[in-house]
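I have placed the structure first, in the form of structure tokens, so that the comments after it can refer back to it.
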Protein chains: 2
Amino acid sequence: MITISDVAKATGVSSSTVSRVIADNPRISLATKKKVRKAMKELGYYPNINARNLVVKSTKAIGVIMPSSADKALQNPFFPEILRGISSVTHDRQYSLTLSSGKTEEEIFTEVQRMVYGSYVDGVILLYSRVNDRVMNFLREKKFPFVIVGKPYEHTKEITYVDNDNLAAGKEITEYLIAQGHERIAFIGGSKDLFVTMDRESGYEEAMTNLGISNVEEYQIHTEFLKSGGREAVEQLLSLKVRPTGVVVSDDLISLGVLSTLEEYGLHVPRDMSLVSFNNVYLSEITRPALTTVDIQIYELGVQSAKALIEKTVNKEEPSKRIIVPYKVVYRDSVNKLT
Amino acid sequence: MITISDVAKATGVSSSTVSRVIADNPRISLATKKKVRKAMKELGYYPNINARNLVVKSTKAIGVIMPSSADKALQNPFFPEILRGISSVTHDRQYSLTLSSGKTEEEIFTEVQRMVYGSYVDGVILLYSRVNDRVMNFLREKKFPFVIVGKPYEHTKEITYVDNDNLAAGKEITEYLIAQGHERIAFIGGSKDLFVTMDRESGYEEAMTNLGISNVEEYQIHTEFLKSGGREAVEQLLSLKVRPTGVVVSDDLISLGVLSTLEEYGLHVPRDMSLVSFNNVYLSEITRPALTTVDIQIYELGVQSAKALIEKTVNKEEPSKRIIVPYKVVYRDSVNKLT
DNA sequence: CTGTTAGCGCCTTCAA
DNA sequence: TTGAAGGCGCTAACAG
């Protein structure tokens, strides 16, 4: 490994001068800068990040915490996509990106502890938000910079988070269904204690009551993500004496299962049943029919959260904020207009 | 931040003793060990990773390089899944995991350079393998530890890589189709210069010729991943005077598009067309029909590559090896038995 | 504009 | 079994 003092020697200056050249300190003459840079290039010098981190007490690295991989939800294309967003800004700002996942909540917690205490990272992005989350509490307690993608359970004012207006989105997409003549509309959502689900569902409920259509309890179903997910939910719905004509599904991935089960039962979407959902993951254009879904701009969620976090880490006094990424409904072929 | 000398003071020993306790050095008496550990706990001491890295010249971190995000392929659930595998071993061994992606090949290259020269990581896993890849060449040249998931283009003997026996898999799955009575079998693959595609296709070809069924060139189609992917390929196939009765698709994701297009054209799978593919991504059980596909054990690919890499980093002399993760055909409902 | 000095937190000889 | 001393590579005052 070739160090700062190697290039210092080679150039005949002191190592602090070299250090200043690296930092592009304006008080160094252009002449020496050039000289030093030349030597750096020739010798193939690259700064040792650990040495630097040690002294400046910053790592220029952020940690991204994934939900526990027990959650099959991890398979959601949501994650690669948000990672793409995050990493585009870390790349631009020369930050690095440490990924942390764990099988259990426990594992995740210890990883976060290591990250924080060991100064692995300057801040952390939480890719999930659960009620009363240990990790989040820890971070708050330690006053360690973090941002949440999604909505925090409590202390909303003191936590920076990046989210969509899921309530509005839920409302809008439901109203769209209504506008197409649907009245018996069901809701299929993921786990009840996920905020996304709750918000989207509230939006759905609001739209329904607003239009004087009473919320039928049997029409609101919660299910696991993959596989069994859609299936059970659909079966429940189909067993009802009065079937819905449309359904709002809280995640494209669940829609896939729903679609599949529906077809299995010989029902055609959208003819026999209309479907709308959320996320606009690439899958939603491949399914048949292609899904009408809310594009929540996953990539942008990543970008915003990374930016917000980095700001927080460079300026610890940065006030907490709430960043709402706009959504956009993408109309495709899964909805039928009732006459 | 509380340091080693803080706990030294608190315990009345020297900092070197504390350091040895951390390393669990056997030459320290149990008594002092206990005493020191107690103090560490009370004070909430955690080792500073950068300081340690600086002196031991190792980071206990590995870098994972994703394919350029220009490739829509990134959306493949393959990635979260392999990351899960990798991170399960990094977690176990207390390594950390730095993720690097980039929009362009160029970006990726500079990131890798930073990682390597700046001692961010001890080694690198390449999640893609392209012909004549700059990154790979760089790594080889620098003799920096790395492993490839997939098959390297050249220097196969000197590079450690983790792969499936895609040729055998391609052959087996094709033979299965043949055994079901199919003779006109097409192949739809991703980009031609991806090794996976090539190998799987070779397997397909072998199976066909083995059985004296000549390879029809119009039956071998290459396409982009998402969206348009399946569509074009299918249209090409359907335009043929003699249509195939079965098709081997090189990736579940492409199968989705294929399925969708087929249905659009009013063809029923498997009745009118049988389909088999590769990866056994969770999607393949949700589609209708559920796909018969080769389970390549993505998670395990991740585990193996991480293990191999870590071994390489701790023992630089570790010989290169080729690790083949077994595959397994998962039979579901996308194939029709012709009588 | 540049050099000297000190020190970040930790590990590792070398002595004792 | 433990301490003292030095150094990893870099930056940041403080001088000049």
Side-chain angles (χ1 to χ4, degrees), chain A residues 1-37 39-40 43-61 94 96 114-122 314, chain B residues 1-37 39-40 43-61 94 96 114-122 314:
Chain A
M1 159 157 268
I2 130 107
T3 79
I4 227 177
S5 81
D6 291 324
V7 353
K9 251 171 256 164
T11 338
V13 299
S14 77
S15 54
S16 32
T17 300
V18 177
S19 172
R20 290 188 184 106
V21 173
I22 296 170
D24 202 15
N25 186 315
R27 302 189 317 192
I28 298 287
S29 77
L30 199 67
T32 48
K33 272 191 185 170
K34 275 191 176 151
K35 198 170 49 173
V36 170
R37 291 205 177 109
M40 295 199 304
L43 298 179
Y45 167 80
Y46 279 80
N48 179 310
I49 194 66
N50 288 299
R52 161 182 283 158
N53 287 349
L54 183 56
V55 24
V56 301
K57 283 167 174 5
S58 140
T59 61
K60 296 244 286 173
Q94 312 246 60
S96 53
R114 269 212 317 155
M115 275 191 174
V116 171
Y117 285 130
S119 345
Y120 283 80
V121 296
D122 291 345
V314 301
Chain B
M1 157 157 271
I2 130 105
T3 79
I4 229 177
S5 81
D6 292 323
V7 354
K9 252 171 255 164
T11 337
V13 299
S14 77
S15 53
S16 25
T17 300
V18 177
S19 172
R20 288 196 260 256
V21 173
I22 296 170
D24 201 18
N25 186 317
R27 302 188 317 191
I28 297 290
S29 76
L30 199 68
T32 47
K33 271 191 185 171
K34 275 190 176 149
K35 199 169 50 174
V36 170
R37 292 209 176 105
M40 295 198 307
L43 298 179
Y45 167 79
Y46 279 81
N48 178 310
I49 194 67
N50 288 300
R52 161 182 282 158
N53 287 349
L54 183 55
V55 23
V56 301
K57 283 163 176 7
S58 140
T59 60
K60 295 245 286 172
Q94 311 246 63
S96 54
R114 269 213 316 155
M115 276 192 173
V116 172
Y117 285 131
S119 341
Y120 283 79
V121 296
D122 291 344
V314 301

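The sequence lines fix the lettering, A, B, ..., with proteins before strands; numbering per chain opens at 1.
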How many Å lie between CG on A/Asn53 and C1' on D/dG9, as a whole number? 11 Å
When you measure from the side-chain N and O atoms of A/Tyr46 to the phosphate of D/dC10, is any distance below 4.0 Å, counting only OP1 and OP2? no
Describe the nucleic acid contact of B/Val55 in one word from base, sugar-phosphate, nothing, applying a heavy-atom distance below 4.0 Å. base
Sort out for me which residue in A/Asp122, A/Asn50, A/Asn53 forms a side-chain hydrogen bond (donor to acceptor under 3.5 Å, both in side chains) with A/Thr59. A/Asp122
Is it the case that the side chains of A/Thr17 and A/Ser14 hold a donor-acceptor pair, with the cut-off being a distance below 3.5 Å and no angle test? yes
Counting N and O atoms only, with roles assigned by atom type, does the side chain of B/Lys33 sit under 3.5 Å from a partner on the main chain of B/Asn25, one being a donor and the other an acceptor? yes
Looking at every strand, decide which applies to B/Arg52 at a 4.0 Å heavy-atom threshold: base, sugar-phosphate, or nothing. sugar-phosphate
Side-chain contact check for A/Val56: nearest option of D/dA12, D/dC10, D/dT1 is D/dA12
Give the rounded distance in Å between these two atoms: CE of B/Met1 and P of C/dG7. 19 Å
Please report, rounded to the nearest Å, how far the C1' atom of D/dA12 is from the CZ atom of A/Arg27. 10 Å
From CE of A/Met40 over to P of D/dC10, roughly how many Å is that when rounded to an integer? 11 Å
Quick check on DNA chain C: between B/Ala23 and B/Asn50, whose nearest nucleotide comes earlier from the 5' end? B/Asn50
Can you tell me the distance, in whole Å, between the CG atom of B/Asn48 and the P atom of C/dC8? 12 Å
Below 4.0 angstrom from OP1 or OP2 of C/dG9, is there any side-chain N or O of A/Tyr117? no
Spacing of B/Asn25 atom CG relative to C/dC14 atom P, expressed in whole Å: 16 Å
Is any side-chain heavy atom of B/Val7 less than 4.5 Å from a side-chain heavy atom of B/Ile2? yes
Rounded to the nearest Å, what distance is computed from the CZ atom of residue B/Arg20 to the P atom of nucleotide D/dG3? 8 Å
Whole angstrom value for the distance that separates P of D/dC10 from NZ of A/Lys60: 16 Å
Measuring only between side-chain heavy atoms, which start at C-beta, is A/Lys60 closer than 4.5 Å to A/Ile49? no
OP1 or OP2 of D/dT11 sitting under 4.0 Å from any side-chain N/O of A/Lys57? no
For the side chain of B/Arg114 and the backbone of A/Gln94, is there at least one donor-acceptor N/O pair under 3.5 Å apart? yes
Under 4.0 Å from any atom of DNA chain D, heavy atoms only: list the residues of residues 2-17 of chain A that qualify, in numerical order. A/Thr3, A/Ile4, A/Ser16
Just call it for A/Ser29: base, sugar-phosphate, or nothing, with non-hydrogen atoms closer than 4.0 Å on any strand. sugar-phosphate
Do the non-hydrogen side-chain atoms of B/Asp24 and B/Arg37 ever get within less than 4.5 Å of each other? yes
